[in-house]
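Below is one structure, written out as structure tokens; the observations come after it.
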Number of protein chains: 2
Amino acid sequence: MDKKSRNMLYDRQAEILKALAHPLRIAILDYLKDGEQCVCDIAKHVASERSNVSRHLAIMVSCGVLECRKDGLNVIYRLKARCILDFLECATTCLKQQANENVKLLRAI
Amino acid sequence: MDKKSRNMLYDRQAEILKALAHPLRIAILDYLKDGEQCVCDIAKHVASERSNVSRHLAIMVSCGVLECRKDGLNVIYRLKARCILDFLECATTCLKQQANENVKLLRAI
DNA sequence: ATACTATGTGATTATATAATCACATAGTAA
DNA sequence: TTACTATGTGATTATATAATCACATAGTAT
């Protein structure tokens with residue numbers, strides 16, 4: 001891969017990571033892993049304002065993480081690809097490793 | 001897991017994702033996957049200012065993604081855990097899926 | 001028609017992030 | 001000692017992000 005393509009890849013990777021890098025958006029993803037939901041229910045579940053949730057959903061749609069469809073008055077959001085959930089697993093794995101290191105350190109004191 | 005713990009987990013997950021969500025930081029990680037490097041060489045490799053690179057490195061150290069050691073005048077940085085690289089693979093996988101969807105769409109036109 | 005509900009968006013404000021320059025510090029070399 | 005190199009950090013500025021409120025729109029129900 002040449003330098004230009006590599007930098008483009010880094011940009012896109014950063015974009016997708018940034019789209020996930022917010023506690024509320026992670027909460028939304030974690031909720032949607034069990035199935036599609038309307039904005040109203042999502043907002044209730046993550047305990048945040050509808051308009052704010054709507055904005056976070058739009059961010060994730062615009063970078064291809066979520067997709068949505070209209071159903072009467074409601075708009076239903078769902079994961080666009082299951083692989084999105086892998087990010088959350090990676091994060092959990094890293095956090096577990098960090099916790100283990102801390103335990104080791106604590107025992108060494 | 002109770003609600004409070006869950007929200008703490010989301011916070012930590014978001015933190016680690018945010019620490020990776022920048023093109024320059026991804027470039028640095030991609031460089032460090034092949035072995036530890038000093039700030040000077042990293043800066044040269046990613047073609048950015050030393051002080052700026054230093055700041056990005058500090059961000060990743062502070063959230064447990066990188067670690068460093070002094071070697072004379074130099075400070076050598078390395079990945080703290082290989083699992084960090086999994087994030088980049090996840091991102092690449094997602095981008096490939098998106099690209100495939102676009103190809104399908106293109107063919108359908 | 002009116003009233004209601006779900007959603008999205010403009011405007012605003014507060015805060016966070018990023019890049020740059022100048023400078024301080026720490027170690028090296030002569 | 002002086003000169004040099006690698007690094008980190010304070011100060012500044014520009015930009016991005018997030019949250020909130022008010023309002024507009026679209027669909028539903030009566």
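Computed from a prediction, not measured in an experiment: that's the story for all the values here. Note that these values count all heavy atoms, side chains included, but never hydrogens, waters or copies made by symmetry. So that the names make sense, note that chain A is the first sequence line, chain B the second, and so on, each numbered from 1.
- Using the Watson-Crick or G-U wobble rule with both distances under 3.5 Å, D:dC23 pairs with C:dG8.
- Crowding of A:K33 atom NZ: a count of heavy atoms from other residues, nucleotides or ligands under 6.0 Å exceeding 12.
- If you measure from atom CG of A:L24 to atom C1' of D:dT17, you get 13 Å, rounded to the nearest angstrom.
- Side-chain atoms of A:E49 lie closest to D:dT20 of the nucleotides C:dG8, D:dT20, D:dT7.
- Between B:L73 atom CG and C:dT28 atom C1' the separation is 6 Å, expressed in whole Å.
- Note on B:H56: every side-chain N or O is 4.0 Å or more away from OP1 and OP2 of C:dT17.
- A straight line from CG of A:N52 to P of D:dT17 spans 15 Å, rounded to a whole angstrom.
- Residue A:L88 comes nearest to B:Q13 through the heavy atom pair O-NE2, 3.3 Å, listed as atom of the first residue, atom of the second, then distance.
- Pairing partner, C:dA3: D:dT28, with both Watson-Crick or wobble hydrogen-bond distances short of 3.5 Å.
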Which is it for B:Q37 and B:R78 under the side chain to side chain donor-acceptor pair (under 3.5 Å) test, yes or no, and what are the steps along the way?
CA-CA 7 Å; B:Q37 297 287 348; B:R78 63 170 169 271; over 6 Å; no
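- Between C:dA19 and B:H22, a contact under 4.0 Å exists linking OP1 or OP2 to a side-chain N or O.
- Atom CZ in A:R55 sits about 8 Å away from atom P in C:dG10, given to the nearest Å.
- When heavy atoms are screened at a 4.0 angstrom cut-off, A:S48 is found touching no nucleic acid atom at all.
- Here the closest heavy-atom approach between residue A:I28 and residue A:M60 is recorded as CG2-CE, 3.8 Å.
- A straight line from NZ of A:K70 to P of C:dA6 spans 13 Å, rounded to a whole angstrom.
- Between the NZ atom of A:K44 and the P atom of C:dA6 there is a distance of 8 Å, given to the nearest Å.
- Side-chain nitrogen and oxygen atoms of A:Y77 include none within less than 4.0 Å of the OP1 or OP2 phosphate oxygen of C:dA6.
- Distance, B:K18 NZ to D:dA16 P: 17 Å, rounded to whole Å.
- Remark on DNA chain D: of its neighbouring residues B:V75 and A:A21, the 5'-side contact belongs to B:V75, judged by nearest-heavy-atom nucleotide.
- Taking 4.0 angstrom as the limit, B:N74 places none of its side-chain polar atoms (N or O) nearer than this to OP1 or OP2 of D:dT5.
- Taking atom CZ on A:R50 and atom P on D:dA22, their separation rounds to 13 Å, with Å as the unit.
- Atom CD of A:E67 has more than 12 heavy atoms from other residues, nucleotides or ligands within 6.0 Å.
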